[in-house]
Structures are given as C-alpha cells and as structure tokens.
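For reference, the structure discussed in these notes is given below.
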Amino acid sequence: TEPVQVRFDERRRTTIEVCRRRIVDARLWDAMRDDQQAAAERIYRGFAAITGPVAVKVASLERVDCGAMTSSPERLAALIEDYWTWAKQAQRERIRVSEVLDVLILGKSCAQVDRDRRQRKGTARANLFDGLEVYCRVKGWVLRKAG
C-alpha cells in the first residue's frame with residue numbers, strides 16, 4: 001500500500017483525507033480525471049443506496065457504512081435516479097456495467113476482471129473509463145481533456 005490523498009466533494013466543500021490504498025488502486029485513481037473520480041464515487045454511492053446494508057459484505061457481521069444512508073431522502077433519490085439513468089445509457093452504449101461494478105463496488109483489479117472474463121489485457125480498464133465517461137455525459141459535466 002501507499003499513502004494517498006483523496007478528494008471528496010460534498011455540497012461543494014472539498015476536504016482532503018490521507019489514507020492508504022493498494023498501489024494498483026492508487027494508479028487507477030491517479031489515471032482518472034477529477035470528474036471521472038466523482039463519477040466513480042457517485043456510482044458507488046448510488047449502488048450502496050439501492051442495496052442498503054446488504055451491499056457487498058453480505059457474509060460479514062459488520063454494518064456496511066458507505067455514507068449513502070446518512071444522506072437526506074432527496075439526495076438518496078437523486079443518487080438512485082442518476083445510477084439507473086447511467087446504467088441504462090451505459091447498456092445502450094454497449095458498456096459492460098457488471099465489469100464496472102466489479103472494479104468500483106467489489107474492489108477487483110482490472111487485471112483480475114480481465115482474467116475472470118477471459119478477455120484481452122486492458123479491456124476492463126477501457127470499459128471502466130468508457131463507463132465513467134457515460135456517467136459524466138449523463139450528468140452533463142463538462143469533459144476536460146487530460147494532458
């Protein structure tokens with residue numbers, strides 16, 4: 001692992017927290033633009049709002065706390081609506097939503113998703129970034145060119 005700084009944008013207030021991430025995850029997040037990182041976070045929160053405490057750690061006795069449940073009902077409804085709108089549009093554009101969720105929700109590496117699905121190296125990563133671009137377009141966020 002390596003220490004990283006994570007930006008959270010909640011109601012236009014940015015706070016920086018220092019945490020530790022697996023190096024593979026840190027490289028993936030560093031490759032994302034700010035709007036793509038925000039899209040990934042909102043996809044995660046939308047999924048968590050839909051699944052509630054059952055979410056990913058089904059076999060765990062711990063309570064899953066993703067921050068989505070502490071939001072107001074209006075914010076939860078907006079997260080869920082954005083998630084479903086994104087998922088439908090992504091499917092129309094031939095994005096494999098399940099692969100995006102494998103990376104963002106289950107925490108699998110892109111290489112692991114490629115191996116699990118027996119596809120060419122880099123396919124899951126490209127699909128993830130395409131999925132994040134779809135979310136940015138659905139939200140109407142201005143796409144900024146990297147580089």
Side-chain angles (χ1 to χ4, degrees), residues 1-10 14-69 71 75-147:
T1 63
E2 69 179 4
V4 293
Q5 293 183 346
V6 181
R7 265 186 286 181
F8 294 100
D9 184 8
E10 290 293 325
T14 303
T15 59
I16 297 177
E17 294 181 13
V18 176
C19 62
R20 297 195 70 82
R21 247 192 212 141
R22 292 183 306 162
I23 292 173
V24 173
D25 295 339
R27 281 193 303 232
L28 182 66
W29 281 84
D30 288 345
M32 292 180 195
R33 298 186 316 261
D34 289 342
D35 55 348
Q36 291 173 327
Q37 289 180 10
E41 181 69 25
R42 288 186 57 93
I43 290 169
Y44 177 83
R45 288 177 185 239
F47 182 87
I50 292 167
T51 59
V54 177
V56 178
K57 294 186 178 180
V58 176
S60 175
L61 298 178
E62 310 175 25
R63 183 174 177 273
V64 176
D65 184 21
C66 64
M69 298 302 123
S71 297
R75 287 194 73 177
L76 284 176
L79 279 172
I80 293 169
E81 181 63 29
D82 291 346
Y83 176 85
W84 286 122
T85 304
W86 164 75
K88 290 174 188 174
Q89 183 60 34
Q91 287 179 341
R92 280 194 284 278
E93 294 187 25
R94 306 258 190 248
I95 304 296
R96 293 172 302 282
V97 173
S98 61
E99 288 183 20
V100 175
L101 298 181
D102 282 349
V103 174
L104 297 180
I105 308 301
L106 298 179
K108 291 184 177 181
S109 68
C110 292
Q112 183 63 46
V113 172
D114 285 338
R115 282 192 299 274
D116 290 349
R117 296 175 187 260
R118 294 187 173 116
Q119 52 194 19
R120 190 176 310 159
K121 182 179 177 182
T123 303
R125 187 178 193 272
N127 184 68
L128 171 66
F129 279 81
D130 290 344
L132 296 175
E133 289 297 322
V134 170
Y135 193 93
C136 292
R137 281 199 317 270
V138 164
K139 290 296 293 174
W141 295 343
V142 176
L143 298 178
R144 293 176 290 282
K145 294 286 183 188

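Bear in mind that the values here come from a model prediction, so they are computed numbers and not experimental data.
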Can you find a heavy atom in the side chain of Leu128 that is under 4.5 Å from one in the side chain of Arg125? no
Stepwise side-chain contact (heavy atoms from CB on, under 4.5 Å) check, Asn127 with Ile95: CA-CA 6 Å; Asn127 184 68; Ile95 304 296; 3.5 Å; yes
If you take all heavy atoms of Ala124 and Asp114, which pair is closest and at what distance? N-OD1, 2.8 Å
Identify the two heavy atoms, one from Ala87 and one from Val97, that lie closest to each other, and give their separation to 0.1 Å. O-CG2, 4.0 Å
Is there a side-chain contact between Val100 and Asp130, using heavy atoms and a 4.5 Å cut-off? no
d(Arg115 CZ, Lys121 NZ) to nearest 0.5 Å is 9.5 Å
With Leu132, which of Gln37, Arg33, Gln36 fulfils side chain to side chain contact (heavy atoms under 4.5 Å, CB included)? Gln36
Give a yes or no on whether a salt bridge exists between Lys108 and Glu99, defined as a side-chain N under 4.0 angstrom from a carboxylate O. no
Smallest heavy-atom separation, Trp141 atom then Ala39 atom, equals CZ3-N, 3.7 Å
Arg120 atom CZ, neighbour heavy-atom count above 12 within 6.0 Å: no
If you measure from CD on Glu93 to CZ on Arg137, what distance do you get to the nearest 0.5 Å? 4.0 Å
Got more than 12 heavy atoms from elsewhere within 6.0 Å of NZ, Lys139? yes
Is the closest basic N to carboxylate O distance between Arg117 and Asp102 below 4.0 Å? yes
Pairwise distance NZ(Lys88) to CH2(Trp84) - rounded to 0.5 angstrom: 8.0 Å
Should Asp35 and Tyr135 count as side-chain neighbours, where that means a heavy-atom distance under 4.5 Å? no
Kindly indicate whether the side chain of Tyr83, heavy atoms from C-beta on, has any atom under 4.5 Å from the side chain of Val138. no
Least distance between heavy atoms, Ala40 atom then Trp29 atom: CB-CH2, 3.6 Å
Spacing of CD belonging to Glu41 relative to CD1 belonging to Ile43, to within rounding of 0.5 Å: 10.5 Å
